[in-house]
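Heads up: the structure comes next, in structure tokens.
Naming convention: chains lettered A, B, ... in sequence-line order (proteins, then strands); numbering from 1 in each chain.
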Amino acid sequence: MVSRSSTRFLNICIASFCKAKHLQRAETVIIDGVRLGVLPDVVTYNTLINAYSRFVSFDAAYSVLDRMKEASIKPDIVTYNSLIAGAMRHCLLSNCMDLFEEMLELGIKPDIWSYNTLMHCFFKLERPDDAYRVFTDIILCYLSPSHATYNTMLNGLCKCGFVENALMLFRKLKRHGFVPSLVTYNILINGLCKAWKLKTARWMLKELGASGLVPNVITYTTVMRCCFRSRRFEQGLEIFEEMIDKGYTFDGFAYVTVVGALVKTSRIEEASHYMERMVNTDIGLDMASYNTLINLYCKGGKLEMAHGVLDKMEKEGFERDEYTNTILMNGLCEEGDVEGAMEYMNVAGFNSNLVALNTMVDRCCKADQIDYAFKIFDSMHMRDSFTYSSLIHNLCKVGRFRCASKLLLSCVRSGTRILPSAKHAVFDCLRHSGHQREVKRLKSEIKLALSAVV
DNA sequence: TTAGGGTTAG
């Protein structure tokens, strides 16, 4: 007779192979175990699910669930939490929701871990109201929220553009005894920096220090990026050197932040210097690092070098993503080959890539193809400030002030934030062509449209 | 389970 301790021993072996990413060996041990009469249990399968979703794919993890069913082993809360976490990790948000439903149908009661993941999923789907409903359910049903519950809520609010609400919630939670962790502070500092609320961000950084917590690599990267965004390059580079001294450049995040900021402001030589420093370390390049390097070459007018990096990247098993495609498309446009850029994107597929579509709209305008730019504009399912601003600026440039004025109004009416520069471009254009009264009329129409949107 | 990096206009 095989004892329970044999299965426990089997599970220890499986856990250790899974941890070392030796999944094939883990599978062999299970087969050998079965031959000897040691049957795997729910823990064995849960361990496998976790490993497959981490190191292989969500589908591979989900197929373990089928094997469990074949072996008549009932999945439990850990099984489903691992699968849901796997679906989240691979950004398979609809799978995440389906699994939650499946779990409820099987009568498995979700725990706080499941609810936290569901909240996270709603935020990723840009459904903050649903996420907030889950949050209040957790509180009202006395489900003992964890630290991750609060942090997920605060992070989701920041990411969906509700930084003020996150700040209010943070204060309220503190009044009720919530002790913020370093993760909490990092979430808020990042949210505040991205929303340009720099004074409050500084204040939050001070609060972090006063609470006895020590800023970590994430705090540093966040603050450094904020310096670059607000054009304080020297300060940003000082922080970078400090990060090197502290050993905080063990991955590519800091380098990519520095190079990205320098390229954006056309400081190509400096950017090349920092990129070289990164390549000379033993940090392996990941997707973001490759895209940064390709962009550096494209912006420096070295398209051939960019394609060389692209080949290397693909040989290493990375597939070009929407960033890569936009960068390459932009590189072709910079060379004056707008048609080639369009052909490239037609093959690669725009796939609702808003940045690529915006770029194409702008580049077509600049190549005297405004009508074609409008065609793209009409086909777009989503538009943002960039979409409207590009068209408006370019229409003004060619003196089509009435068209620009109409577009400006439709932008405001759609609830899209209009950039001050685009608004002033239309006003100036109208004034210079002697339509002073038109400016007054447009201003009042914008005011009216804004009040209707609010 | 929660926090940091990469693509667009003027």
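- Non-hydrogen atoms lying under 4.0 Å from DNA chain B are contributed by A:Trp113, A:Asn116, A:His120, all within residues 107-138 of chain A.
- Rounding to whole angstrom units, CZ of residue A:Phe250 and P of B:dG4 are separated by 14 Å.
- A donor-acceptor pair shorter than 3.5 Å can be found between the side chains of A:Ser181 and A:Thr184.
- Judged as a side-chain contact (heavy atoms from CB on, under 4.5 Å), and not counting sequence neighbours, the contacts of A:Val42 are A:Asn46, A:Met68, A:Ile73, A:Asp76, A:Thr79.
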Between side-chain atoms of residues 237-249 of chain A and protein atoms elsewhere (two or more places apart, or another chain), which donor-acceptor pairs fall under 3.5 Å?
| residue | atom | partner | partner atom | Å |
| --- | --- | --- | --- | --- |
| A:Glu241 | OE1 | A:Arg277 | NH2 | 3.3 |
| A:Glu241 | OE2 | A:Arg277 | NH1 | 3.1 |
| A:Glu242 | OE2 | A:Tyr220 | OH | 2.9 |

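- Rounded to a whole Å, the CD1 atom of A:Ile239 is 15 Å from the C1' atom of B:dG5.
- In this structure, the nucleotide among B:dA3, B:dA9, B:dT8 sitting nearest to the side chain of A:Val355 is B:dT8.
- Residue-level contact check: A:Ser289 touches the bases, meaning some heavy atom is under 4.0 Å from a base atom.
- The nearest whole Å value for the distance from the CG atom in A:Leu408 to the C1' atom in B:dG10 is 15 Å.
- Here A:Arg54 lies in heavy-atom contact (under 4.0 Å) with sugar-phosphate atoms only.
- One N or O donor and one acceptor, one from the side chain of A:Asn216 and one from the base of B:dA3, sit under 3.5 Å apart.
- Checking B:dA3, B:dG10, B:dG5 against the side-chain heavy atoms of A:Lys194 singles out B:dG5 as nearest.
- Residue contacts for A:Leu188: at a heavy-atom cut-off of 4.0 Å it reaches no nucleic acid atom on any strand shown.
- Within 4.0 Å of A:Lys159, counting heavy atoms only, lie sugar-phosphate atoms of the nucleic acid but no base atom.
- Applying the side-chain contact (heavy atoms from CB on, under 4.5 Å) test to A:Tyr323 and every residue at least two apart in sequence or in another chain returns A:Asn291, A:Asp321.
- When rounded to the nearest whole Å, the span between CZ of A:Phe386 and C1' of B:dT8 equals 6 Å.
- If you check every strand for non-hydrogen atoms under 4.0 Å, A:Thr326 touches a base.
- Within the nucleic acid shown, A:Val217 comes within 4.0 Å of at least one base atom, counting heavy atoms only.
- Stacking here means ring centres nearer than 5.5 Å and ring planes tilted less than 30 degrees, and by that measure A:Phe253 stacks onto B:dG4.
- Side chains of A:Ser53 and A:Arg89: a donor on one and an acceptor on the other come within 3.5 Å.
- Under 4.0 angstrom from either OP1 or OP2 of B:dA3 there lies at least one side-chain N or O belonging to A:Asn155.
- Between the C1' atom of B:dG4 and the CD1 atom of A:Ile187 lies a distance of 11 Å, rounded to the nearest Å.
- Within 4.0 Å (heavy atoms only), A:Asp286 reaches at least one base atom of the nucleic acid.
- The shortest distance between the side-chain N/O atoms of A:Lys366 and the OP1/OP2 oxygens of B:dA9 is not below 4.0 Å.
- For the pair A:Ile392 CD1 and B:dA9 C1', the computed distance is 11 Å after rounding to whole Å.
- Protein atom CG of A:Leu157 is 13 Å distant from nucleotide atom C1' of B:dT2, rounded to whole Å.
- Across all strands shown, A:Ser390 has heavy atoms under 4.0 Å from sugar-phosphate atoms exclusively, and none from any base.
- Classification of A:Arg363 and A:Glu339 as a salt-bridged pair fails, no side-chain N sitting under 4.0 Å from a carboxylate O.
- Contact between the side-chain N/O atoms of A:Lys299 and the OP1/OP2 oxygens of B:dT8 is found at a separation under 4.0 Å.
- The side chain of A:Asn358 contributes no N or O atom lying less than 4.0 Å from OP1 or OP2 of B:dA9.
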Would you give me the side-chain donor-acceptor pairs under 3.5 Å for residues 419-426 of chain A, sequence neighbours excluded?
| residue | atom | partner | partner atom | Å |
| --- | --- | --- | --- | --- |
| A:Ser421 | OG | A:His393 | NE2 | 3.3 |

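- A:Arg225 has a side-chain polar atom (N or O) that falls below the 4.0 Å cut-off from OP1 or OP2 of B:dG5.
- Contacts of A:Asp251 with the nucleic acid, taken as non-hydrogen atoms under 4.0 Å apart, include base atoms.
- Closest contact between the side chain of A:Asn295 and the listed nucleotides B:dT7, B:dG4, B:dA9 involves B:dT7.
- A:Lys443 meets the salt bridge (charged side-chain N to carboxylate O under 4.0 Å, His left out) test with no other residue; sequence neighbours excluded.
- Across all strands, A:Met287 comes closer than 4.0 Å to base atoms (heavy-atom distances).
- For A:Phe377 and A:Tyr388, the gap between ring centers is short of 6.0 Å.
- Atom pair A:Asp321:CG and B:dG5:P shows a separation of 15 Å (rounding to whole Å applied).
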